[in-house]
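Throughout, a chain's letter reflects where its sequence line sits, starting with A, and its residues are numbered from 1.
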There are 2 protein chains.
Amino acid sequence: MTLTLDRQTAAQQAPERRVFNFSPGPAVLPLPVLQEIQRDLLTLPGVGSSVLEISHRSTAFDGILAEAEANLRELLAIPADYRVLFLQGGASLQFSMIPINLLRGQNLPASYILTGSWGSKAVVEALREGQVHVAWDGKADNFVRVPKDGELDLPPASAYVHYTSNETIQGVQFRRPPAVGDAPLVCDVSSDFLSGPVDVRDFGLLYACAQKNAGPSGLTVVVVSDEVLERCGDDVHSMLSFRRQAEKGSRLNTPNVFGVYVFLLVTRWLRDEVGGLEAAAAGAEAKTGLIYDVLDGDGGEFYVPHAEPASRSRMNVTFRLRRGDLEKAFVAGAADRDLVALKGHRSVGGFRASLYNAMPMEGAERLRDFMLAFRASH
Amino acid sequence: MTLTLDRQTAAQQAPERRVFNFSPGPAVLPLPVLQEIQRDLLTLPGVGSSVLEISHRSTAFDGILAEAEANLRELLAIPADYRVLFLQGGASLQFSMIPINLLRGQNLPASYILTGSWGSKAVVEALREGQVHVAWDGKADNFVRVPKDGELDLPPASAYVHYTSNETIQGVQFRRPPAVGDAPLVCDVSSDFLSGPVDVRDFGLLYACAQKNAGPSGLTVVVVSDEVLERCGDDVHSMLSFRRQAEKGSRLNTPNVFGVYVFLLVTRWLRDEVGGLEAAAAGAEAKTGLIYDVLDGDGGEFYVPHAEPASRSRMNVTFRLRRGDLEKAFVAGAADRDLVALKGHRSVGGFRASLYNAMPMEGAERLRDFMLAFRASH
């Protein structure tokens, strides 16, 4: 190993300059959280081992897991008859776990509302377990908007209705949950989790990978009602069973201990430093507002927004340049100003600025200033 | 957030004393690895973001993933027709993924050799997918040994034969793979992964959770032959499909980026500082030898070893006290000497000293000295 500096030596080096990271996920984390992780990396206070070394059955991790859940319950005002699960495998494993638990063996279809790439991927896995009904599909319109309630084609009964609150790739977001009647509403909240208040009672099950607003990759958070847990089938592999995971309090096997620890620090920061989810929502509105104002400033002559105004995401701003030949110059100019990871997903093209909770206002201001200057100089 | 010290301030504090951590997993990691993680936690060199913030599609992670795999290929001399997968969900999800991919829809049974708790758990999941044949079960003898080849009751043909190279809870380890004929040999190597050389060609599939010798929890490493991949079924959820994961090079969705990074650092340390797997095996032999010598020193009058000598683990040393009333004093005395996490699993009782690669010889020596002194004073 070439690099074996101790804590003292490391500190004598000037820390490298941190860039403004607009990555859609894994994504920017709050600097105070990173600093606390760094400070305690060798020895968690009072423990004498790194958080990377402690048993998931240790008293130290008992405390971490309990506080992580308590913070989430406080931030989202989660009712007592909902469980919080800390799982692995990302949102993609949930695309399978949900139909395995809730569609397998049912005589009802599961209904899916498709507003972008992620919801469309979820359907592929659901089809392995039973009948699927597509209640709305924005693909023909290139996923530029979410449906109005009246546009939904819902069957008389569904095992559940699934939608994606914010489509990270297209930058399309629901302002409020769709009205779907009595079926349990299941929502992939991966990319707008903890970005604003939600009424958990509107949902049967919420799930999010952590690597946008909540922590590092490798951790998935599920919030599920006891009522939905009771509907889950019995013929399910242990690790894929929501009920088994709930019975064992997310410790059916060894969870991602470090991921839960970072989630705890992020939720503490969100509560104590940001001021909770109302404040987070105001911040997201302000930051994305700066960029949308630029996009709207020229009537689509230079910058072309992807999403329709009423469906615009407050997390991921998607746009392209009218002149595609300027894309390389845009990326290079942004990088010169420490603005990185702005390239759009290959399926949409152009650019995407992800402005999660941990992106400081200064990052949004710098991006706005660069975009204005870039337009002025071309 | 109460704790928001910057790098300089953190370094001014004396680091807390690190204990000798005998946890079975998550377990002790090499100090130089922890120091490198700490040093670069805010900004990965040349990247300007934390490793916790980089995209799994970034150039930085391309390099991390490639080097992690290359290091493993070098350490284990993995043949070119084997794939390396970095997955999530621990060994427990493999208990399901293996029969889902290799037993579902087959007309052959899967054969299982049971030498402890983990293999016994694996069988429960396999039964969901097809016919299971137990080729040997050590439960009646309380899992104190592994079988001789002649004791195995193998059917004429098996979809695969599964065994557990080292049973962490019982401290029982195979010295070499069992002779099972033509069926693909599938092995859970979680708790002796990277502790010594193996001939990968003996196996169709090897899997390990990382949190013993290889990294933090939340990462699972699978080494699988192309021949076994071809046998995998098609009717498998994407995230649970070995073939799909292999096609996408472990990036079917976002992997545990931080886990792969730590795995890279651990494998680099193992190669460059430890000197490879032969040296690791010699170290394990020396460290556990110190403790087994204590256990053997009184003919079972004070300390009672769990495993039979020929099946003893070189990772997890399991024993109890003849006088159960002394257990609390043993734990307290050990803790006074910074020797922690020695309590045995509830299913076996007594004590378990896990001496993975990252446990320094000094830890084993201190434990030996304490055990000798404790016996002398009682």
Side-chain angles (χ1 to χ4, degrees), chain A residues 1 3-8 10-11 15-19 21 23 25-29 32 34-39 41-43 45 48-50 52-56 88-90 92-93 96 125 128 209 211 216-218 237-240 252-259 268-269 272-273 341, chain B residues 1 3-8 10-11 15-19 21 23 25-29 32 34-39 41-43 45 48-50 52-56 88-90 92-93 96 125 128 209 211 216-218 237-240 252-259 268-269 272-273 341:
Chain A
M1 176 161 302
L3 305 169
T4 57
L5 305 173
D6 66 11
R7 186 182 285 201
Q8 278 67 26
E16 243 185 289
R17 194 177 60 206
R18 281 173 53 83
V19 297
N21 178 2
S23 169
V28 59
L29 287 168
L34 295 174
Q35 287 170 323
E36 181 162 347
I37 298 167
Q38 182 181 49
R39 191 198 62 187
L41 207 278
L42 300 190
T43 49
S49 289
S50 171
L52 298 170
E53 302 172 307
I54 58 170
S55 168
H56 59 297
Q88 300 183 47
S92 295
L93 187 57
S96 294
E125 306 303 331
R128 302 180 193 280
C209 61
Q211 66 264 21
S217 64
H237 282 269
S238 301
M239 283 293 290
L240 303 176
L252 179 58
N253 77 334
T254 313
N256 181 337
V257 168
F258 180 73
R268 208 191 269 170
W269 169 84
D272 299 344
E273 297 299 310
Chain B
M1 175 161 304
L3 305 168
T4 58
L5 304 173
D6 65 12
R7 185 182 285 202
Q8 278 68 25
E16 243 185 289
R17 195 176 61 207
R18 280 173 53 83
V19 297
N21 177 2
S23 170
V28 58
L29 286 168
L34 295 175
Q35 289 169 323
E36 181 162 346
I37 298 167
Q38 182 182 47
R39 190 198 62 188
L41 206 278
L42 300 189
T43 50
S49 289
S50 171
L52 298 170
E53 302 172 307
I54 58 171
S55 168
H56 60 296
Q88 301 182 47
S92 295
L93 187 56
S96 295
E125 307 303 332
R128 301 180 194 279
C209 61
Q211 66 264 21
S217 65
H237 282 270
S238 301
M239 282 294 290
L240 304 176
L252 179 58
N253 77 332
T254 311
N256 181 336
V257 168
F258 181 73
R268 209 191 268 170
W269 169 83
D272 299 344
E273 297 299 310

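From Q88(B), atom CD reaches atom OG1 of T254(B) across 8.5 Å, with rounding to the nearest 0.5 Å. With values rounded to the nearest 0.5 angstrom, W269(A) atom CH2 is found 9.0 Å from L29(A) atom CG.
For R128(A), the part lying under 4.5 angstrom from a heavy atom of chain B is the side chain only. Contact annotation for I54(A): only backbone heavy atoms (N, CA, C, O) come within less than 4.5 Å of a heavy atom of chain B.
You'll find the side chain of T43(A) stays beyond 4.5 Å of the side chain of R17(B), heavy atoms only.
Summarising the geometry of L41(B) relative to Q38(A), their closest heavy-atom pair is CB-CB, 3.9 Å, with the distance given to 0.1 Å. Residues L42(B) and R18(A) share a closest heavy-atom pair of O-NH1, 2.8 Å.
Top candidate by heavy-atom pairs under 4.5 Å with chain A, chosen from G218(B), P26(B), S23(B), is P26(B). For the options M239(B), E53(B), Q211(B), H56(B), heavy-atom pairs under 4.5 Å to chain A are most numerous at E53(B). When the candidates N253(B), L252(B), L240(B) are compared by the number of heavy-atom contacts under 4.5 Å with chain A, N253(B) comes out ahead. When the candidates G25(B), A27(B), G90(B) are compared by the number of heavy-atom contacts under 4.5 Å with chain A, A27(B) comes out ahead. Put simply, of P255(A), G259(A), S96(A), P216(A), the one with the most heavy-atom pairs under 4.5 Å next to chain B is S96(A). Per-residue heavy-atom pair counts under 4.5 Å with chain A were compared for V257(B), I37(B), V19(B), and the maximum is reached by V19(B).
With hydrogens and angles disregarded, no donor-acceptor distance shorter than 3.5 Å links the side chain of N21(B) to the backbone of A341(B).
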